[in-house]
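Please read the structure below before turning to the comments.
Keep in mind that this is a model prediction, so the values were computed, not measured. A note on names: the letters A, B, ... follow the listed sequences, proteins ahead of strands, and every chain is numbered from 1.
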Amino acid sequence: MKASTFHLFTTRETPAEAEIASHQLMLRSGMIRKLTSGIYTWTPMGLRVLRKVEAIVRDELDKAGYLEMLMPAVQPAELWEETGRWEKFGAQLLKIQDRAGRHYCFGPTHEEVMTDFVRNEIRSYKQLPITFYQIQTKFRDEIRPRFGVMRAREFLMKDAYSFHIDHASLDETYWEMYQVYSRIFTRTGLKFRSVEADSGAIGGNQSHEFHVLADSGEDSIAFSDQSDYASNVELAAIAAPTGELAAATEELRTVDTPDAHSIDELVSGYGVAIDKTVKTLIVHAAEGSAAEFVALLVRGDRVLNEIKAERLEQVATPLTFASDEEIHNAVGASPGSLGPVGLTLPVIADQEVALMSDFATGANSDNQHYFGVNWLRDVELPEIADIRNAVEGDNSPDGKGKLQLARGIEVGHIFQLGTAYSESMNAVVLGEDGKSHVMHMGCYGIGVSRIVAAAIEQNHDDRGISWPEPIAPFQLALLPMNAKKSHRVREAADQLYADLLEAGVEVLYDDRNLRPGVMFNDIELIGIPHRVVIGERGLDSGVLEYRQRNNTENGELPLEGAVAAILEKLL
RNA sequence: CGGGGUGUAGCUCAGCCUGGUAGAGCACCACGUUCGGGACGUGGGGGUCGUGAGUUCGAAUCUCGCCACCCCGACCA
């Protein structure tokens, strides 16, 4: 490809709207342009990368025997009403009407359409298992689109759905897909990690996320330093801390704390160590409980894990925090002054809290706290549970090692859906026993456009993008120096370009007749992995200059037999 | 959805407070010089100042409405 006709839409300045590196670099390198909030045009350069990722995904899925198809982006409301998701999906569902006033949505996902197709076409267990996939533009009306294509409203996604006669078959395909995903992400050349994930409200019993590791990632993942355990931090269980309840060394005392309405104020205003504070959160109790509310205790510097809390049988689903007014009515104090001592509500303490001694907590009376609180002596030890987010250094739940935290960008998610959709949509097949069986389903997503952004987050420097070779828009950039004046350079470059094309190399030939600095900067910004420079100096001594994008040293290649030498350098 | 901010040339921004002929740098076009790490000179094209009302002799500038975009928050005791 010649740069003169391919058009590079690079810019020197960073658009003000871009915050993170990948967004800035995608704009500056001319890969994308914003049309409106969360909606982007892919330029020829950007599209090349997107297609590279897509090709890897498609190739591995095809090899695994899964079947590509293409479903409509626009879907009728009736299908979504069958599963109840027309209402449940929420504001992210883009609803549209045709001229007759009929209701549709722009598909954010395709469980309904897929299940509808399969229930109409698949009749017998003999046709199972079967897995279909598509690579298609999705639309989710994100609450807050940001970071360019990383969290866009319109995005390219690979979604796959598998159908099975029973759970055992689903489980088999699920783990097969897990392996396929591992191969896909390995092939992209990105550092990634698969983690146990929340199977969430959809139900099902298995779910894994695949994360590209990057410091700027929106998700936090926890993994053991001594085993294979890895999990979304939201889900990461924490093994109970070892140790005994320490003996009390302080007297229980009531302290007037008119300035302390939060843990931070308690710590900064009254000299309490934050790991000697306990915060008390009041949530709604499960329906049918004796009490209306439940108190949850976590250490002052910890964060309640809502997924874990919601799983407690005493706690209402979905987790609902009591309002200030409800707290006042139930306890007689403001939210900032709550504590377990003298509390008449059921109390559940985080396992770490249960081992604390001499701690500070609200006195259930406004403007007062108890200091020097000790379990057993001052208040009965409550029920204990794991209800907080994991932090670095917690015990790994598999009993091996400590947890470490890393940031990740979720680029893949696999799910055992079970019969959630097939049941509500009556997707059944005849089994070997001659009876109807509700099909078991799995669904498997990959954020194709997000992978592009994630790859940049993981692979860039102050000069621009540095693509992993498998997804680079071009393998090689060919830069002639002063070709305008030097016929020798021009001819040598033209010839090498033709030879490289002949050899099947994806080469970007910068024939724009620009000053060298401009070409170098553009090519480095775009992030092409290999670069060959042809100049008068080299021609005199029969060499080409060669450099890799992630290197700052120049090397040389012989002009004679240059193509073969270049091919050696390519992946 | 709540809070904050910004809309002026393709991009980054100044001008607005204190109303009076719309600016800079980059980018773009022409010519010349230059040519191994974002050159220079000369000349030039390009903006109904987001939009609608209002105030005023006069509005980019003041007032109000609307729209768009960006940021923060929606784990708080």
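Rounded to whole Å, the separation between the P atoms of U63(B) and G20(B) comes to 15 Å. Going from the C1' atom of G47(B) to that of C28(B) covers 15 Å, rounded to whole Å. Spacing between A30(B) and G45(B) at atom P, rounded to whole Å, works out to 15 Å. U51(B) and C69(B) have their C1' atoms separated by 14 Å, with the value rounded to a whole Å. Across the P atoms, A60(B) and C49(B) are found 6 Å apart, a figure rounded to whole Å. Taking the P atoms as reference points, A9(B) lies 9 Å from U48(B), given to the whole Å. Spacing of C1' atoms, C1(B) relative to G50(B), comes out at 24 Å, to the nearest Å. As rounded to the nearest Å, C11(B) and G7(B) have C1' atoms that lie 15 Å from one another.
Closest contact between the side chain of S262(A) and the listed nucleotides A77(B), C35(B), G37(B) involves A77(B). Among the nucleotides A39(B), A77(B), G37(B), the one closest to the side chain of V518(A) is A39(B). Considering only side-chain atoms of P15(A), the nucleotide from U12(B), G37(B), C35(B) that sits closest is U12(B).
Close to C11(B), at under 4.0 Å from its OP1 or OP2, lies no side-chain N or O of T14(A). Between A77(B) and S337(A), no contact under 4.0 Å exists linking OP1 or OP2 to a side-chain N or O.
The CZ atom of F9(A) sits 12 Å away from the C1' atom of G10(B) (whole-angstrom rounding). Going from atom CG of D141(A) over to atom C1' of C1(B) covers 13 Å, rounded to whole Å. Protein atom CD of E17(A) is 12 Å distant from nucleotide atom C1' of U6(B), rounded to whole Å. Across the protein-nucleic acid pair, I523(A) atom CD1 and G38(B) atom P stand 16 Å apart, rounded to whole Å. Following rounding to the nearest Å, I274(A) (CD1) and A77(B) (P) show an atom-to-atom distance of 9 Å. Atom pair H23(A):NE2 and C70(B):C1' shows a separation of 11 Å (rounding to whole Å applied). Atom CE in M26(A) sits about 19 Å away from atom P in C11(B), given to the nearest Å. Rounded to an integer number of Å, the gap from D522(A) CG to A27(B) P is 12 Å.
Using a 4.0 Å heavy-atom distance criterion, G535(A) is classed as a base contact. As judged by a 4.0 angstrom heavy-atom cut-off over every strand, R388(A) is placed among residues making no nucleic acid contact. Residue P335(A) is in base contact, counting any heavy-atom pair closer than 4.0 Å across all strands shown.
In this pair, H530(A) and Y546(A) present their aromatic rings parallel. The plane angle is below 30°, not in the 30 to 60° band.
When the side chain to side chain donor-acceptor pair (under 3.5 Å) test is applied to R146(A), no partner is found at least two apart in sequence or on another chain. Residues satisfying the side chain to side chain donor-acceptor pair (under 3.5 Å) test with D511(A), not counting sequence neighbours, are S4(A). Scored by the salt bridge (charged side-chain N to carboxylate O under 4.0 Å, His left out) test, R549(A) finds D461(A) as partners (sequence neighbours excluded). Applying the ring pair (Phe, Tyr, Trp, His ring centres under 6.0 Å) test to W467(A) and every residue at least two apart in sequence or in another chain returns nothing. Residues that satisfy the salt bridge (charged side-chain N to carboxylate O under 4.0 Å, His left out) test with D358(A), not counting sequence neighbours, are absent from this structure. Taking Y497(A) as the reference, Y509(A) meet the ring pair (Phe, Tyr, Trp, His ring centres under 6.0 Å) condition, with sequence neighbours excluded. Taking the salt bridge (charged side-chain N to carboxylate O under 4.0 Å, His left out) definition, one finds that R515(A) meets it with nothing, sequence neighbours left out. Under the salt bridge (charged side-chain N to carboxylate O under 4.0 Å, His left out) criterion, E292(A) pairs with no residue, sequence neighbours left out.
For E313(A), the CD atom counts as loosely surrounded, since its 6.0 Å shell holds 12 or fewer non-hydrogen atoms of other residues, nucleotides or ligands.
Within residues 476-484 of chain A, the residues approaching RNA chain B are M481(A), N482(A), by heavy-atom distance under 4.0 Å. Across residues 27-34 of chain A, R28(A), K34(A) each have a non-hydrogen atom less than 4.0 Å from an atom of RNA chain B (numbered order).
As the counterpart of G45(B), no nucleotide is assigned, since no Watson-Crick or G-U wobble pattern has both distances under 3.5 Å. Across all strands shown, A53(B) forms a Watson-Crick or G-U wobble pair, both distances under 3.5 Å, with U63(B). Pairing for G2(B) is with C72(B), a Watson-Crick or G-U wobble pair whose two hydrogen-bonding atom distances lie under 3.5 Å.
Closest-nucleotide positions on RNA chain B for A16(A) and S334(A) were compared, and the one nearer the 5' end corresponds to A16(A).
Looking at E13(A), its side chain has no donor and acceptor atom pair within 3.5 Å of the base of G10(B). Contact of R515(A) with U34(B) (side chain to base): a donor-acceptor pair of N or O atoms is detected under 3.5 Å. Put simply, the side chain of R531(A) and the base of G37(B) share a donor and an acceptor less than 3.5 Å apart.
Between D141(A) and R153(A) there is a salt bridge, since a side-chain N of the basic residue sits under 4.0 Å from a carboxylate O of the acidic one. Under the 4.0 Å criterion applied to side-chain N and carboxylate O atoms, R531(A) and D510(A) are not assigned as salt-bridge partners.
Cation-pi geometry between R450(A) and F155(A) is not met at under 6.0 angstrom from the ring centre and within 45 degrees of the axis.
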Is there any protein nitrogen or oxygen under 3.5 Å from a nitrogen or oxygen in nucleotides 73-75 of chain B, and what are the pairs?
| from | atom 1 | to | atom 2 | distance (Å) |
| --- | --- | --- | --- | --- |
| C75(B) | N4 | N389(A) | ND2 | 3.3 |

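Applying the salt bridge (Lys or Arg N to Asp or Glu O under 4.0 Å) test to residues at least two apart or on different chains, the pairs with a partner in residues 21-40 of chain A are E17(A)-K34(A).
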